[in-house]
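The structure presented is a predicted model; accordingly, all values stated were derived computationally and were not measured.
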Amino acid sequence: MKIRGMKKNRVKPTSANQTDTPSAKTKKVKKDFASRFTFFANMKIAAKILSGFLVVAVLSAAMGIYAALSLQNVSASSKKIYVNMLLPSKTLNDMNIAFEESCNSIRQSLLLESDSLMLPAVLSQITKNDQSIAYSFSTLESLVAIDKADVLNTAKQSYDTYSALVNQAVENIENGNKQAVISDLTNVGDLKQAESNFKSALDDLMFAVTGDASAVSTSNSKTSDLVFLITLIAIGVVLLLSVAIGIIISRGISRPVKKLTKNIMQLASGDTDIDIDSAITKDEVGQMREATRTIVGTIQSLEEDTRILAEAASEGRLTVRADANRHKGAYRKIVEGMNATMDAMIAPIEESSRVLGDLAN
């Protein structure tokens, strides 16, 4: 005979339709942080920890990439200063030295006698300086930026004029016509004017090449300061996020485990009236919670079956039996054992009743 009128399982999940009392509202406010984020709460514990490390690693990598790219920009700007400014400036300086030596050599040759042994060497130095300046111009064409090409072309045209007049002066000196050269330099003739024009063109070219150096240097300094500041801020943010992620993960694991431990300790002490958290998660803690809820429900069913059988026996209803099909495994064997015990107890009683009936007859 199946037990009828048994009380329902006394595990107390929270009903969605139940009216919220002040205490219920307080419990809702105090729910686990992880239960508010279903996806995170359903993650396995190992996945939660790994995801936290991955977030920190990604943030650190992003910070490192930003710093590397910023430093690369600074390096590119420094390279730009070297290629577009320092090398042209050095070349211009070499050109200016060669020009000054050429001017001095012309004047030195005018002071030497025509039969002096030093005169050919001085005139040869003028030719070498001329070749050096021409080579410097060819180098500058590959170094100077396109926007400075007009200034470079102006300087080159000025030099071509000067070079032609220098060659003419050298020819006059070699032919013994020094007076024409002296008169040109003294009375600001074509050669003297060419010298002045070329000197002015060199100054303009130098200013054009180095004019942006200060701006680029200031920009690099600002970029470096900004990278340093952002790196410090990023380190602080990463540290704060690391602490926050650690707290979230630890609370998402430790708080439900503590609650579940408390429920199991209640069960171990014999208290089956347990209010197990009704949160449904798919992680290991959620699986343990469901397993504990099932165990509590089964023990409550066994308790109910035992109580019904005891009450039926005390009232003389010896044919009442518990329904073993409601249980599984070892719990079913326990119920079947209680039913078998009742059968064993009732057998001699039924035999005694039959014998007494026979005697009465």
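- Looking at L229 and D225, their side chains never come closer than 4.5 Å, going by heavy atoms from C-beta outward.
- D203 meets the side chain to side chain donor-acceptor pair (under 3.5 Å) test with no other residue; sequence neighbours excluded.
- F137 meets the ring pair (Phe, Tyr, Trp, His ring centres under 6.0 Å) test with Y159; sequence neighbours excluded.
- Using modelled atom types, one finds a donor on one side chain and an acceptor on the other under 3.5 Å when comparing D130 with S163.
- For K333, the salt bridge (Lys or Arg N to Asp or Glu O under 4.0 Å) test picks out no residue, with sequence neighbours left out.
- For E195 and R107, the salt-bridge test passes: some basic side-chain N is under 4.0 Å from an acidic carboxylate O.
- Shown here are the side chain to side chain contact (heavy atoms under 4.5 Å, CB included) partners of T154, two or more places apart in sequence or in another chain: there are none.
- The minimum heavy-atom distance between A98 and I133, with the atom names listed, is CB-CG1, 3.8 Å.
- The minimum heavy-atom distance linking A194 with S158 is given by the pair O-OG, 4.5 Å.
- The two atoms that bring S102 and V166 nearest to each other are OG-CG1, 4.5 Å, heavy atoms only.
- Side-chain atoms of S132 do not come within 3.5 Å of backbone N or O of K128 as any donor-acceptor pair.
- For N172, there are no side chain to side chain donor-acceptor pair (under 3.5 Å) partners, not counting sequence neighbours.
- In this structure D190 satisfies the salt bridge (Lys or Arg N to Asp or Glu O under 4.0 Å) test with no other residue, sequence neighbours excluded.
- Counted by atom type alone, K199 and N96 present one or more donor-acceptor pairs between their side chains at under 3.5 Å.
- Of the possible donor and acceptor atoms, one in the side chain of T306 sits under 3.5 Å from a partner among the backbone N and O of L302.
- Exactly one residue among L202, N197, D204 makes a side-chain contact (heavy atoms from CB on, under 4.5 Å) with S200. That residue is D204.
- Between V151 and F207 the shortest side-chain heavy-atom distance does not fall below 4.5 Å.
- The shortest non-hydrogen separation linking S105 to Q125 is OG-CG, 3.9 Å.
- Between M206 and S89, the closest heavy-atom pair is CE-O, 3.8 Å.
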Handout entry: side chain to side chain contact (heavy atoms under 4.5 Å, CB included) between I173 and L119, intermediate numbers included
Key = CA-CA 9 Å; I173 294 172; L119 183 59; 4.1 Å; yes
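- Within the 4.5 Å cutoff, no side-chain heavy atoms of I97 are placed close to those of N129.
- Inter-residue side-chain proximity for Q108 and L111 is flagged as unmet; no heavy-atom pair is nearer than 4.5 Å.
- A donor-acceptor pair is defined here as one N or O able to donate and one able to accept, closer than 3.5 Å; no such pair exists between the side chain of D94 and the backbone of S136.
- Under the 4.5 Å side-chain criterion, counting only non-hydrogen atoms from C-beta, M95 is in contact with L140.
- By the 6.0 Å contact criterion, CD on E171 is open, its count of non-hydrogen atoms from other residues, nucleotides or ligands being 12 or less.
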